[in-house]
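Note sheet for the following structure.
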Amino acid sequence: LGGDCCADLEERVAELEATTARKGNRKVSLTISGQVNRQLMYWNDGVRSNTYLGIDNSNSSTRFGFSGNAKVTPSVTAGFSILLDIRDKSRSVLVSQTSEDGSSQERTGNANGDNLIRLRDANWYLDSSSLGRLTMGRLTTAGPAGTIDLGGVGPVAVGGEGCIGTSMRFRDSAGALTAVSIGGLSMGCAHPTFRGDGVRYNSPTFAGFSFAASVTEALKVERAAENGVYSASTGAGPIGQNLAADLKYAGEFSGVRVAAAVGYESSRANDDDGVSNNSNYTTIGGSLSLLHVPTGLFVQGEYMATEGQSADNATAGSPLNGAVAKGNRYHVQAGIGQNWFGIGKTTVFGEYGRHNGWGGLQAAITVAGTSTDSMTIWGLGVNQAIDAAAMDLYMGYRNYDANNASAIGTQSIGIFSAGARIKF
């Protein structure tokens, strides 16, 4: 070619290298992925109504992450995952009738609360095609599975979890706001599993079945004095543990896709799962989802039951002789999804669910006590996938009706949400 072409090319390559993000080495792959999910939320509590604009959808929050892997042998892979999400003040789980900016807990260190990033996962793993995967670090535990979403309605409604409007409070028969929220009469936005620091094992899939188990926080439980009180002088206090396991199945028969799961969780003195570290509780749960592939008709649902016991007062380390409380919930969704418009599947669905005893359970876990309560949920929604843009457009409505020992009136809460999730 002659001339300075090679020197010009080398200079251009050097310029591109200087301005391009690079991996630390060539042995481990690197993938950057994530999603942005924002919506508007209209609510009506029987007395007041309003619409909050541009808030984050806690059903499937805005997030980003890094992952990678490398082949150790033809059958063994080593890898990692780091996943973070945006914890700004205006999230659908936190906004309420009295605050469009959510909870003050999200504003620590910044009046706008717009600089908070939460670490969801940070772990490494070794994966053998014949022995399974071992993961260590901050991870999502095994345990009771929520609704397995074969229908594709997750951005609108994640089974029984109330991640949109969780902090909205019910009004009494006189129209005054009570202290009882949607989240207070349910598991709220806490999914059946949670994230913690520990070890998890996932088995290979055999005939459609797979098994997972996890141990997080500590190998054994320690208390200051099982029959005494917390010692301020020695600093001895509860060291918690979470044990969880699940069995899942996936298969297809004559055009019917099937997904099912059963799980168990035992939490002891653990303060990383959203409840008091004074408490013990166990949870069992199951889910079943059916999809008729040719027609797109689907039905999916879940059942979960929890039993909890707390200390007899709010003093850390005090004995667990408080009231035993039980809660359960079930939730069913059904609908149809087809690519009617050529841009992606359109899914239309309805749902119904009921939560029993969760208010009493939460009271027993935090400060000893119990009550009889229930909450029913019904809703409708539609999700439009746009395949070319890895995008979902959605809108949905949920109605919440509460009954509890605090004599809440018949005022229900209606919540309409509409927005979009785009993945990258």
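Both backbone and side-chain heavy atoms feed into the values below; hydrogens, waters and symmetry mates do not.
- Ser49 places a side-chain heavy atom less than 4.5 Å from the side chain of Tyr42.
- To the nearest 0.5 Å, atom CD of residue Gln97 and atom CG of residue Asn44 are 10.0 Å apart.
- A donor-acceptor pair under 3.5 Å links the side-chain atoms of Ser90 to the main chain of Glu100, judged by distance alone.
- Between the side chains of Ser96 and Thr98, at least one donor-acceptor pair of N or O atoms lies under 3.5 Å.
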Run the side-chain hydrogen bond (donor to acceptor under 3.5 Å, both in side chains) test on Ser214 and Thr216 for me, step by step, so that the C-alpha distance in whole Å, both residues' side-chain angles and the decisive distance to 0.1 Å come before the verdict. CA-CA 6 Å; Ser214 62; Thr216 53; 5.6 Å; no

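- Proximity of Ser92 to Ser58: side-chain heavy atoms (C-beta onward) are separated by under 4.5 Å at one or more points.
- Checked by atom type and distance alone, the side chain of Gln338 pairs as donor or acceptor with a backbone atom of Thr295 at under 3.5 Å.
- The pair Asp197-Arg138 counts as a salt bridge, with a side-chain nitrogen and a carboxylate oxygen less than 4.0 angstrom apart.
- For CZ of Phe424, the number of neighbouring non-hydrogen atoms (other residues, nucleotides, ligands) closer than 6.0 Å is greater than 12.
- Relative ring orientation between Tyr249 and Phe253 is described as parallel, the plane-to-plane angle staying below 30° on a 0-90° scale split at 30° and 60°.
- The distance from atom CD of Gln241 to atom CZ of Arg268, rounded to the nearest 0.5 Å, is 8.5 Å.
- Annotation for Asn123 and Gly137: closest pair CB-CA, 3.9 Å, computed over non-hydrogen atoms.
- A distance-only check finds no donor-acceptor pair linking the side chain of Glu351 to the backbone of Gln333 [under 3.5 Å].
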Worked verdict on Thr62 versus Asp56 for side-chain hydrogen bond (donor to acceptor under 3.5 Å, both in side chains): CA-CA 7 Å; Thr62 298; Asp56 200 60; 2.5 Å; yes

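- At distances below 3.5 Å, at least one donor-acceptor pair connects side-chain atoms of Ser29 with backbone N or O atoms of Asn69.
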Can you check side chain to side chain contact (heavy atoms under 4.5 Å, CB included) on Arg195 and Asp121, steps first, answer last? CA-CA 7 Å; Arg195 286 172 292 275; Asp121 293 328; 3.8 Å; yes

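- Partner Glu265 forms a side chain to side chain donor-acceptor pair (under 3.5 Å) with one of Asn242, Thr141, Thr282 and no other, that one being Asn242.
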Test side chain to side chain contact (heavy atoms under 4.5 Å, CB included) on Met395 and Val382; report intermediate values, then the result. CA-CA 6 Å; Met395 60 181 179; Val382 59; 3.5 Å; yes

Test side chain to side chain contact (heavy atoms under 4.5 Å, CB included) on His355 and Leu185; report intermediate values, then the result. CA-CA 7 Å; His355 297 250; Leu185 294 182; 5.9 Å; no

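- Thr178 contributes a side-chain N or O that, together with a main-chain N or O of Phe170, makes up a donor-acceptor pair within less than 3.5 Å.
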Where do Val215 and Tyr201 land on the side chain to side chain contact (heavy atoms under 4.5 Å, CB included) test, with the steps shown first? CA-CA 9 Å; Val215 182; Tyr201 169 74; over 6 Å; no

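- Val93 and Ser167 make their closest contact through O-OG, 2.8 Å (heavy atoms, listed as atom of the first residue, atom of the second, distance).
- In this structure, the side chain of Asp85 does not engage the main chain of Ser61 through any donor-acceptor pair within 3.5 Å.
- Residues Asp45 and Leu177 are in side-chain contact: their nearest non-hydrogen atoms beyond the backbone lie under 4.5 Å apart.
- Considering CG of Leu119 and CD1 of Ile82, their distance stands at 8.0 Å, rounded to 0.5 Å.
- Counting only distance, with no hydrogens or angles, the side chain of Asp149 and the backbone of Gly154 share a donor-acceptor pair below 3.5 Å.
- Under a 3.5 Å cut-off, the side chain of Gln300 and the backbone N or O of Leu150 do form a donor-acceptor pair.
- Separation of the Phe416 and Tyr397 ring centroids does not fall under the 6.0 Å cut-off.
- The shortest distance between side-chain heavy atoms of Leu288 and Val258 falls below 4.5 Å.
- Here the side chains of Val199 and Leu134 are in contact, with some heavy-atom distance below 4.5 Å.
- Between the CE atom in Met375 and the CZ atom in Arg354 there is a gap of 10.5 Å [rounded to 0.5 Å].
- Looking only at distances, no side-chain donor or acceptor of Arg257 sits under 3.5 Å from a matching main-chain atom of Glu252.
- Among the candidates Arg91, Gln39, Arg421, the single residue satisfying the side chain to side chain donor-acceptor pair (under 3.5 Å) test with Asn57 is Gln39.
- Minimum interatomic distance between Thr346 and Trp340 (heavy atoms only, all atoms of both residues): O-CZ3, 3.6 Å.
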Let's go through Arg329 and Ser186 carefully: what are the C-alpha distance in whole Å and the side-chain angles of both, what is the deciding distance for side-chain hydrogen bond (donor to acceptor under 3.5 Å, both in side chains) to 0.1 Å, and is it a yes or a no? CA-CA 8 Å; Arg329 81 178 189 202; Ser186 67; over 6 Å; no

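- Note: Phe211 CZ to Asp246 CG = 7.5 Å, rounded to the nearest 0.5 Å.
- Side-chain contact check for Ile415 versus Tyr400: some heavy-atom pair is nearer than 4.5 Å.
- For the pair Ile164 and Arg398, the minimum side-chain heavy-atom distance is 4.5 Å or more.
- Side chain of Ser203 to backbone of Gly132: no donor-acceptor contact under 3.5 angstrom is found.
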CA sep, side-chain torsions, deciding dist, call: Tyr303, Tyr330, ring-ring contact (aromatic ring centres under 6.0 Å, His included): CA-CA 4 Å; Tyr303 174 81; Tyr330 64 85; 7.5 Å; no

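- Thr51 is listed as a side-chain neighbour of Leu53, based on a closest heavy-atom distance under 4.5 Å.
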For Arg200 and Asn202, run side-chain hydrogen bond (donor to acceptor under 3.5 Å, both in side chains): C-alpha distance rounded to whole Å, both residues' side-chain angles, the deciding distance at 0.1 Å, then the answer. CA-CA 7 Å; Arg200 173 171 173 149; Asn202 288 75; 2.9 Å; yes

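- The environment of NZ in Lys71 is crowded: more than 12 heavy-atom neighbours from other residues, nucleotides or ligands sit within 6.0 Å.
- To the nearest 0.5 Å, atoms CG (Leu131) and CG (Leu126) are separated by 11.0 Å.
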